[in-house]
Amino acid sequence: MKIDATVWTMASLRFLSAAIELCAAIVMLSLNDVKKAIAVNTLLAVVGPTIFLVVMMIGLVAVANELSLFKLVWIGAGVVCILIGIYVVK
C-alpha cells in the first residue's frame, strides 16, 4: 500500500505533536510543581493550534484544485471560528 506524500506529512506532524505532548507530560511529572506544570501547559497551548493550522494548510493546499472558492471560504471561516474560540472567547 502506497501512502500519499501529503497524508504522510500530515500524519507525521500529528505524531510530532503527540510526542511533544507526551514529553510535556513527562516534564510535568518530573518537575512535580503545579506552577511549573502550568507553565509547561501554557507552551502546549501554542503547539496544538500551530500544528492544527499547519496540518490544515497542507491538506487544503493538496485539495485546493478540487474545492470551489465558496467551500474554501467556509473552511477558512471555520478555522477562524476555532481560533476565536481558543484565544478570544473567555
Side-chain angles (χ1 to χ4, degrees):
M1 173 172 85
K2 185 178 180 203
I3 298 175
D4 184 88
T6 302
V7 174
W8 180 257
T9 303
M10 293 170 70
S12 296
L13 285 170
R14 283 294 168 191
F15 278 124
L16 174 65
S17 178
I20 292 170
E21 296 272 348
L22 183 60
C23 289
I26 292 168
V27 168
M28 286 180 189
L29 289 171
S30 67
L31 292 173
N32 196 26
D33 181 8
V34 174
K35 290 180 182 177
K36 291 177 183 175
I38 290 173
V40 171
N41 195 56
T42 302
L43 295 173
L44 289 176
V46 174
V47 172
T50 302
I51 296 288
F52 167 73
L53 287 174
V54 171
V55 170
M56 281 297 295
M57 290 306 299
I58 291 170
L60 288 175
V61 167
V63 298
N65 60 345
E66 298 173 20
L67 298 175
S68 67
L69 180 60
F70 182 73
K71 288 182 179 182
L72 287 173
V73 168
W74 273 110
I75 292 169
V79 171
V80 168
C81 287
I82 290 169
L83 293 174
I84 289 171
I86 290 171
Y87 291 112
V88 178
V89 178
K90 303 228 184 225

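In this text the structure is predicted, and so the values were computed from the model without any measurement.
Between the CD atom in Glu21 and the CD1 atom in Ile26 there is a gap of 12.0 Å [rounded to 0.5 Å]. Residue Ile51 holds its CD1 atom at 14.0 Å from CE of Met56, rounded to the nearest 0.5 Å.
Side chains of Phe52 and Arg14 form a contact here, defined as non-hydrogen atoms less than 4.5 Å apart.
Annotation: side chain to side chain contact (heavy atoms under 4.5 Å, CB included) contacts of Val40 (sequence neighbours excluded): Ala24, Val27, Met28, Leu31. Remark: Thr42 pairs with Ile38 by the side chain to side chain contact (heavy atoms under 4.5 Å, CB included) rule, at least two apart or across chains.
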Contacts under 3.5 angstrom, residues 57-67 side chains, donor-acceptor by atom type, not counting sequence neighbours:
none

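No donor-acceptor pair under 3.5 Å is formed between the side chain of Ser17 and the backbone N or O of Leu13.
Val54 and Ile20 fall within a single hydrophobic cluster, where Ile, Leu, Val, Met, Phe, Trp and Tyr are joined by side-chain heavy atoms under 4.5 Å apart, directly or via other members. Hydrophobic cluster membership is shared by Leu53 and Leu72, with clusters built from Ile, Leu, Val, Met, Phe, Trp and Tyr side chains linked at under 4.5 angstrom. Linking ILVMFWY residues whenever their side-chain heavy atoms come closer than 4.5 Å, directly or via other members, places Ile86 and Val79 in the same cluster.
Annotation for Tyr87: atom OH counts as buried by contact number, over 12 foreign heavy atoms lying within 6.0 Å.
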